[in-house]
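Both backbone and side-chain heavy atoms feed into the values below; hydrogens, waters and symmetry mates do not. The shown structure was predicted, so the numbers you read here are calculated from the model rather than taken from an experiment. Proteins come first, then strands; the chains are lettered A, B, ... in the order of their sequence lines, and each starts at number 1.
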Amino acid sequence: MNILEVEGLTKRYEGFTLNGVSFSLERGYIMGFIGRNGAGKTTTMKAMLGLIGSDGGEVRVCGENIRGNEAAIKRRIGFIMGEFDCYRQAKLKTIARVTKRFYDDWDDAAYASYLKRFSLDENKKVSELSAGMRVKFALALALSHNAELLILDEPTSGLDPVSRDDLLDVFRSVIEDGTRSILFSTHIISDLEKCADHITYIREGNITLSCDVESFKSRFMLVSGSVEELREAKERLIGFKEHAFGFTGLIRSEDAPHLKGLRKAPADLESIMIYSEKEGDLDA
Amino acid sequence: MRDLLYKELKLCLHPMNFVFMAFALMLLIPNYIYTIPCFFVCNAIFYSFQMSVQNNDALFTLLLPVGKREAVRSKYRFVTILELAMLVLYVPMMFLNHAILGNPNTFLDACPTLIGASFITFAVFNAVFMPTFYKTGVKAGRSFLLSAFAVFVWIFAAEGFFMFCRIEQAPYFMKWAAEHLDVFPSSGYDIGVQLITTAVCAAVFAAVTLVSERASIRNFEKVDL
């Protein structure tokens, strides 16, 4: 069953349009939402929750339209925008005490266990926490009200590799029981390789692909060859880079049989993103 | 709403509110403009809004199970509580002023009419500050300058009116106002007219604040956070 369904979400700005964004996420999975800076990841997430007005489209959580049921649906969602950057001079316990009043399902025992697990000291002020600890605090708040769907906007961006790895482990453990799902945006592709089950790729406000990671990767191949071979292969390449010994590029897997003689290798997520952003068209 | 008010008091109340509320003691200064201390409360409310902007309060609030409408309403309740608290403090100060200093004051006397005038001070502030603030949700400074200008126009108008009431050539209704409204009431008649004046001003405050709240909600619905 889909925990999240986004259909035709549209937002028009001067110079940028979020153009009929549609994707869905099943319960018990992690979806990575990827795209370049300015591709529309944060706009999509904010429009989903009504933080910015939309010019069209629908967002359903557990089958219910968010418009008109805002409060009830937000009780089932945990939304984290990067690190927790509110009330920097307030103590964590004050913020938690305020937050818990809004949720009937608030679980004090779970909150205490997350504080312990993340080594968070309730008596510290927000300003005294590192970027990683602030993300963890936001996560502890979201998980303690039993959010079924976590929507995280670039939660790992400001973190060192160890903290990032730690956090990705937390994500995996959150969805372990199959009742929760996570949608998280990032431009750190290695994070997705480690923990995402599905990928949704947004480019200039358009969803280019939304599918599971393996299908996503299997649609593309990396090829390399000499400068002469580049001339022949060019029209089938999605994107390429020339170097001293020839070129490396990205092709659609179905084009592979037509390109004999080139060295071929499975494509990784990072290469898919880099090459497709260089030249263009990912629609497969 | 109770939970949102709790959030406002715990996380959004600037400590200067307590300091500026203590300015109710200014009613014990002889020959002072007693409509001014309420402006300090407006100032403190601005500090709280400024602090809310710096603390990303709107984002925190809207990530809770709360809509924009409720978020704005809770700010209005919060502001109204601060304003009414100041007027409640004015009541004992008014009696103390009468007991210690006695009448008359050069400017508007510490009497129920003053509380009525202060209701209008807050109504003017609420009418300008919040609807302009909620057009952006961030520019509190600009909204405060606009509202401060409007509040001072009102204070000068009200104080000026009662000053002119006392001159020899003032028309009858102004002389009547000076005699019955700008004085600590001692007769039943004075108490009656001053309480009616205060009640009318309170009703204007309530109506203006409600209209302002609707405008702020309308403005904030259009803001992209």
Side-chain angles (χ1 to χ4, degrees), chain A residues 11-13 18 42-43 45-55 66-91 93-106 125-127 134 138 141-142 145 147 150-153, chain B residues 1-19 44 47-75 77-78 81 134-140 215-225:
Chain A
K11 172 75 184 174
R12 290 183 198 95
Y13 289 110
L18 192 68
T42 303
T43 306
M45 289 178 153
K46 283 183 168 181
M48 279 165 59
L49 286 179
L51 294 178
I52 58 176
S54 61
D55 297 310
I66 197 160
R67 210 164 281 172
N69 299 302
E70 219 173 323
I73 287 180
K74 278 188 186 170
R75 275 192 191 94
R76 306 168 82 162
I77 296 177
F79 187 22
I80 300 171
M81 294 203 59
E83 61 196 63
F84 187 89
D85 195 23
C86 304
Y87 315 113
R88 294 173 71 90
Q89 294 310 314
K91 286 185 178 173
K93 64 178 176 190
T94 311
I95 294 167
R97 216 171 283 156
V98 168
T99 306
K100 70 185 273 188
R101 296 174 70 103
F102 288 87
Y103 299 98
D104 303 332
D105 288 343
W106 182 270
K125 291 177 180 174
V126 174
S127 60
R134 280 190 221 160
L141 289 179
H145 70 79
L150 291 176
I151 300 175
L152 317 170
D153 188 22
Chain B
M1 186 52 70
R2 259 177 52 193
D3 299 330
L4 276 168
L5 267 179
Y6 181 81
K7 187 218 76 177
E8 293 295 330
L9 295 170
K10 279 286 186 189
L11 296 171
C12 302
L13 181 63
H14 196 286
M16 282 306 281
N17 275 280
F18 299 109
V19 176
Y47 285 163
S48 290
F49 271 69
Q50 188 81 314
M51 193 172 83
S52 294
V53 171
Q54 285 160 355
N55 281 332
N56 287 323
D57 169 68
L59 185 65
F60 176 83
T61 308
L62 292 175
L63 294 183
L64 294 169
V66 168
K68 279 184 172 174
R69 181 179 292 263
E70 289 77 34
V72 174
R73 275 195 181 141
S74 68
K75 281 282 183 210
R77 299 295 172 277
F78 171 63
I81 285 172
Y134 279 114
K135 275 187 178 169
T136 62
V138 288
K139 291 183 179 169
S216 293
I217 290 171
R218 218 170 31 241
N219 291 346
F220 198 46
E221 295 277 10
K222 292 181 205 148
V223 171
D224 287 341
L225 286 174

N56(B) side chain near M81(A) side chain, heavy-atom distance below 4.5 Å: no

Geometric cation-pi criterion K75(B) and F49(B), 6.0 Å radius, 45° cone: yes

Residue-level interface, residues 66-73 of chain B with chain A, non-hydrogen cut-off under 4.5 Å: V66(B), G67(B), K68(B)

Chain A interface, residue from L59(B), L225(B), V223(B) that has the most non-hydrogen pairs under 4.5 Å: L225(B)

Pairing residues for N55(B) by the side-chain hydrogen bond (donor to acceptor under 3.5 Å, both in side chains) criterion, not counting sequence neighbours: none

Contacts of Y103(A) that satisfy ring-ring contact (aromatic ring centres under 6.0 Å, His included) - sequence neighbours left out: H145(A)

CA sep, side-chain torsions, deciding dist, call: R97(A), Y6(B), side-chain contact (heavy atoms from CB on, under 4.5 Å): CA-CA 10 Å; R97(A) 216 171 283 156; Y6(B) 181 81; 3.8 Å; yes

Between S74(B) and K7(B), a side-chain donor and acceptor under 3.5 Å: no

Winner by heavy-atom pair count (cut-off under 4.5 Å) against chain B, out of T43(A), D85(A), T99(A): D85(A)

Reported NZ-to-CG distance for the pair K135(B) and N219(B), which is rounded to 0.5 angstrom: 6.0 Å

Partners passing ring-ring contact (aromatic ring centres under 6.0 Å, His included) against F60(B) (at least two apart in sequence or in another chain): Y87(A)

Which portion of R76(A) sits near chain B, non-hydrogen atoms under 4.5 angstrom: neither

Proximal component of L4(B), with respect to chain A [non-hydrogen, under 4.5 Å]: both

